[in-house]
Structures are given as C-alpha cells and as structure tokens.
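Below you'll find the structure, written out as structure tokens, and then a few comments.
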Protein chains: 2
Amino acid sequence: MPEPPPPRLDEIDAHLLDLLQHDSGRTLHELGEQVGLSPSAVQRRIARYRRDGLITRQVAVLDPHLFGPTVLATVLVTLARESFEHHRAFAGRMRADPQVQQCYRVAGPWDYVVVLAARSTRDCGRLGDRLFKADDNVQRYETLVVFDTVKTGLTLPLPALPQDGRS
Amino acid sequence: MPEPPPPRLDEIDAHLLDLLQHDSGRTLHELGEQVGLSPSAVQRRIARYRRDGLITRQVAVLDPHLFGPTVLATVLVTLARESFEHHRAFAGRMRADPQVQQCYRVAGPWDYVVVLAARSTRDCGRLGDRLFKADDNVQRYETLVVFDTVKTGLTLPLPALPQDGRS
DNA sequence: CCCGCGACGCAATAATCTTGCATGCCCGAA
DNA sequence: TTCGGGCATGCAAGATTATTGCGTCGCGGG
C-alpha cells in the first residue's frame, strides 16, 4: 500500500480545510477572501486535496427530523467469537445497513460502538433485534438511546489555527 | 416554537435528498438525470430544502490521517450532580471543544456518549483529563479507544427508496 | 366549467469554476 | 554569488454550472 508521507500542508491549507469541513458551500471567491488568496489559487489547492484524498467527499447534512421524529441510539457490542472472519462478517453487515451511521471497533471489554438512526423507538428496537440479537455471534449488546444530540459532526481538529474564526 | 408539520416530501424529494447526503458535489444536470427532472426543477427543490432547513449544511469530509495519525475514541460519561445547570455547562464545554466530534445525552446509567478526535494516544489521554477528569462534576468516565473505523457518516435512512442505487 | 396555485421545461442570463500564460520566489547546483 | 528549474500565484479569458423569467400543464376548489 502506498503510504504517502504527510503531504506537507502549510498554514493556508489548514485554514482552507478547516473552512471547508465546516461549510463547503462557499464560493472560491469567498474562500479566497478568508485565506488571502485568489479564487484560482484556492481552486488549485482544493483540486489537490481531492486528488490526494485529503477531502474524502462532500456531503449534505440533513435535518434528522426530515421525516418526522428520528431516534438515535448508540450500541455497545461484544462478540462471542473473535476470529478474523467473524469480525469481517460483522463489519460487513454494519457497512451494508443504511440505518447504521457509524461503527467503530474499540479497545476494552466492548468490541464495537455502533450509532444507529431509526424512525421510532419501536423501529430502534427491531433494528437492534435484527442487527444484534439475530446474530448468534453477538454475545452481549447494550443500547443507549439518545435523548439529545448535544453536538454532531465529523470535524477534525486542525492544528495551529491562529484562532477559530468561523464567519 | 414553530413546529412545521412534515413538509410533505414526495418520492423524488427522498431520492434527491438521499443522493445529496451521499455526495453533494454533483451538478444539477447529473442529479436531474438520476431523478428524472430538469436541472432547474432540481435546483428549485434544493433551494426549498435549504430554505426549510431540511439541508442543515454542506460539508467536506476530511481524511482523518490528514496530519499524520489520528486517534479516535468514544467516551462514556456519568455526571455526579444532574441539575439542569450542570448539564448545560457540560454540554457547552463539549460544543466548544474542536476535538469533540459528537456528543449525545443518553438514557441509562451513562449520561453522555462523546466521540473524540485526537492526534495521538497521549493527546487523547490529556484530552480526557482536561474534559472529564478536571471536571469535578464528572463522576465516572470510560474511554473506548477506537482501533478501527468500520463505518462513518451522518447519513439518515430515507424511507421507501425503490432500491439503493448509488452510482 | 372556470380559476388559481404549484411545479415543470426551456431558454436566456448571471455566476462560478477552470485553464492558459507570464511573473516572482525559493532553493540547489555551479 | 549567480544561474536555472520547479512551483505557486494573479489575471484574464473560456467553459460549465447555477439561476431566473416565462409560458404551459395538471390538479383541486368554487
């Protein structure tokens, strides 16, 4: 596998990436103003980020209440057997299910942390049944129903920004 | 508070929103092709989503390995005192910290689930100290270091799509 | 049956993005 | 120190894409 050495990002790159990860809807002109660069220079940098895979993708974040209420839950999971194959199978099912927002394999007594999005408490229950109870390799799982989303996002901390300064 | 009754979304809306939440980089022309509408019709619908707040924002998702390795962790937190004020203070600190990706208030013995992004294991430890150990209202917390990100995203399940069909 | 509302497609216009080109800076080699 | 290559930039076209005006159509209420 090609392990690209840190592609060398200067302060402007950091600033740009930070702006983009908070709002990628701005025009090149606007961005250029923020970081002190011409639109074309900004465009070339962003093209590079994309080419190098620094920007994975660009998505629209939807309001969870789109279709009426939505119930989120985080689930802690422990598998019974830990073979490579079992993990692969579990991960595959998580990836395949559109109701699974996130899935992390973690250290400690729990093997996975899963974030689910369901349409109702009942749906959430059924989803748990389907994903975990029906899997006889899931030894134990615990559902933490979300009361309130304090903060959400996939934003990464970027080093050494003069100061925050979202607009 | 204005509680807008489900703003009535037809099948095309669902399809469009689903396309957008997976990749908002496409052109109106492309989108129109997918859903069987002209670019201008697509544009008008998307403008409406924005106006109605169905689309919260548009963001670029960055590669976590941007600046060298990144350590993710999920943290389970229980507060000592549960007054309204204490919760507000805790939530505020979570929102304010750029290293906190997500924070959910949950049901059960744990009060919060927090997702952190750090630059190293050490950084992660210090972050935990700063956010939770230093807060004398945090009764107990448990850090689940992420070994592997199986899946990530904020994608919501959209009902009744003919069939998946990402391109 | 008529009217008004809302959504559509098409076409013109406006805005944004992309690219070619010349310049300036930095750095390594002579 | 001086020369030359590589690289990023700004500017100014040129190409794409987004936005808007307009006429039409289908639907539901009067």
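Note: hydrogens, waters and symmetry copies are ignored here, and every other heavy atom, side chains too, is used. Lettering of chains follows the sequences in order, A, B, ..., and the numbering in each one begins at 1.
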In this structure, how many angstroms lie between the P atom of dT19(D) and the CZ atom of Arg48(B), rounded? 15 Å
Whole Å only: how far is the OH atom of Tyr49(B) from the C1' atom of dA7(C)? 12 Å
Are Asp123(A) and Arg130(A) ion-paired here, with the side-chain N under 4.0 Å from a carboxylate O? no
For Leu127(A), which of Val75(A), Asp97(A), Thr143(A) qualifies under side-chain contact (heavy atoms from CB on, under 4.5 Å)? Asp97(A)
Has the side chain of Asp13(A) got a donor or acceptor atom that lies under 3.5 Å from a matching backbone atom of Asp10(A)? yes
When rounded to the nearest 0.5 angstrom, what is the spacing between OG1 in Thr70(B) and CZ in Arg119(B)? 6.5 Å
Check the distance between dA7(C)'s P and Leu16(B)'s CG and give it to me in whole angstrom. 14 Å
Nucleotide-resolved protein contact map, nucleotides 21-28 of chain D, B/S/- at heavy-atom distance under 4.0 Å: B-------
Report yes if at least one side-chain N or O of Arg45(B) is closer than 4.0 Å to OP1 or OP2 of dC8(C); otherwise report no. yes
Give the rounded distance in Å between these two atoms: CD1 of Ile46(A) and P of dT9(D). 12 Å
Phe90(B): partners by ring-ring contact (aromatic ring centres under 6.0 Å, His included), with sequence neighbours left out: Tyr112(B)
If you draw a 6.0 Å radius around CZ in Arg81(B), do more than 12 non-hydrogen atoms from other residues or ligands fall strictly inside? yes
Treating Gln43(A) as the side-chain partner and Leu28(A) as the backbone partner, does any N or O pair qualify as donor plus acceptor under 3.5 Å? no
Grab the CZ-C1' distance between Arg51(B) and dG6(C) for me, whole Å please. 12 Å
Atom pairs under 3.5 Å, N or O on each side, protein against nucleotides 13-17 of chain C: can you list them with distances?
unit_1, atom_1, unit_2, atom_2, d
dC17(C), OP2, Leu28(A), N, 2.9

Specify the separation, in whole Å, of atom CG of Leu9(B) and atom C1' of dA7(C). 15 Å
Do you reckon Leu158(B) sits in the same ILVMFWY cluster as Leu37(B), going by side-chain contacts under 4.5 Å, direct or chained? yes
